[in-house]
Number of protein chains: 2
Amino acid sequence: MQAGLSKSILADVRELDLFAEMEDANFGALMRGAYIQNFPPQIELITEGETSDFLHIVLSGSVNLFASWNGRETSMTTLQPVSTFILAATIRDAPYLMSARTLEKSRVALVPSQDVRAVFGTDAAFARAIVTDLAQAYRSVVKNTKNLKLRTSLERLANYLLRQSRQHGASETFELSTDKRRLASYLGMTPENLSRVRWPPFSGQCCGAAKLAC
Amino acid sequence: MQAGLSKSILADVRELDLFAEMEDANFGALMRGAYIQNFPPQIELITEGETSDFLHIVLSGSVNLFASWNGRETSMTTLQPVSTFILAATIRDAPYLMSARTLEKSRVALVPSQDVRAVFGTDAAFARAIVTDLAQAYRSVVKNTKNLKLRTSLERLANYLLRQSRQHGASETFELSTDKRRLASYLGMTPENLSRVRWPPFSGQCCGAAKLAC
DNA sequence: CGCCCCTCTTGATATTTGTCAAGACGCCAC
DNA sequence: GTGGCGTCTTGACAAATATCAAGAGGGGCG
């Protein structure tokens, strides 16, 4: 653990849309209060239901957001560097709705929530950036809900693969960025079910499949 | 249809958290560009995929947001007056992710999106209010996703009823605010399935059920 | 190598959920 | 009243998905 952030990391963070336009003095204030922590894999960083003391920023490695209830657990999303998470909880000073754990050895910056809220109140550019960020996040979750409610698990998988393929330059083959267990959970199905998928003869509708969640 | 909004309506709108703190001049500018329209029941106000030209405000009646894909349709949420909708699409100048239709005879105010974006850029208080609104909206959708992924349809229904009951002052009986067809769609199940629900002997876990989505 | 551990797969089966068709019920107009 | 219409319910069945149990395969390590 160390107080303050090194120059190269500061530059990476500042380049995030969320921080790019805010005033230097305010960015400096946020970062002075922040600290960095290195975590081994599979460490629970935050726990659903607790109050949000820090805005988190993944600097390296990767972090999975998940939720659980009544003995069941589901993967919500996976974060790659450099990105922030639980911004909404921080802004509203509300309990976390999701838990987070590292997937690999990861470096995470922690910015005290009250600092974020304070700067949010005084720096208009920062407030605007937060709006853009939250609007984007909101739209992502809505797409996800539509995905869950309107598609079968097979269709969700197909859509996921199509999007991944496109992200990898529309190549015929590519590597999954996650193990199948977590992928299944993310898609709202069991690993067994995922493993069993065999592509039936495609209906003409298939190509339209990608439209919903892209 | 009429240009400008009457005083009593203006007051209602101004009381919304979204507009309460912004500068008078900016609020006035927004409202001067707005107009009101009265719609009969079952009219489609906006259609998924189109560009968001207006921020909408339900003034009376009620509006259902829904999404469709591949012949299937699902109810996402229902709006009661006075509330705004599709703020995120307006802010991001992005296509609607959901369609909207009136459920009853409804009065809706339409505020040009470009006005909203313009004022958002200059009025810090408005920007902050939008943040709060979006953060809230984001958290609602996350709760909804958790609900869908972690609970069975029976559990979702139970949770819905518990929440409704609490909203009605924890009374033993209350009236559903929607027909069962739309409720089923909202909960991600078929009407037949909803109709078939018979409460099994409660497990000890039941009371915890309300926690997730409240 | 041989062993253990982990992930993934497969099979058998149960549960949940959706589909289709028919009927019950209330409501309203005539 | 009577007939139509819409919503809701019910039954029989089919499809989708989950669960449980077992086994295949790969990689690290002594």
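Owing to the predicted nature of the structure, the values given are computational and were not obtained by experimental measurement. Chain A is the first sequence line, chain B the second, and so forth, proteins listed ahead of strands; every chain is numbered from 1.
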In whole angstrom, what separates [X]'s [atom1] from [N]'s [atom2]?
X	N	atom1	atom2	result
A:Leu194	D:dA18	CG	C1'	14 Å
B:Leu176	D:dT7	CG	C1'	14 Å
A:Leu183	C:dC8	CG	P	10 Å
B:Met189	C:dT19	CE	C1'	15 Å
A:Leu157	D:dT17	CG	P	11 Å
A:Asp179	C:dC5	CG	P	20 Å
A:Leu187	D:dT17	CG	P	12 Å
B:Arg151	C:dT15	CZ	C1'	20 Å

Parallel, tilted or perpendicular, as decided by the 30° and 60° cut-offs, for the rings of B:Phe85 and B:His56: tilted
Parallel, tilted or perpendicular: rings of A:Phe19 and A:Phe126 (30°, 60°): parallel
Side-chain N or O of A:Ser153 closer than 4.0 Å to phosphate OP1/OP2 of D:dT17: yes
Any donor-acceptor N or O pair under 3.5 Å, side chains A:Asn144, B:Thr145: no
salt_bridge(B:Glu48, A:Lys146) N-O dist < 4.0 Å: yes
First encountered from the 5' end of DNA chain D, between A:Asn193 and B:Ser195: B:Ser195
Sugar-phosphate only, base, or nothing, as touched by B:Arg196 at under 4.0 Å among non-hydrogen atoms: base
Per A:Thr190 side chain, nearest of listed nucleotides D:dT19, D:dT9, C:dC8: D:dT19
N/O donor-acceptor pair, side chain B:Glu192 with base C:dC20, under 3.5 angstrom: yes
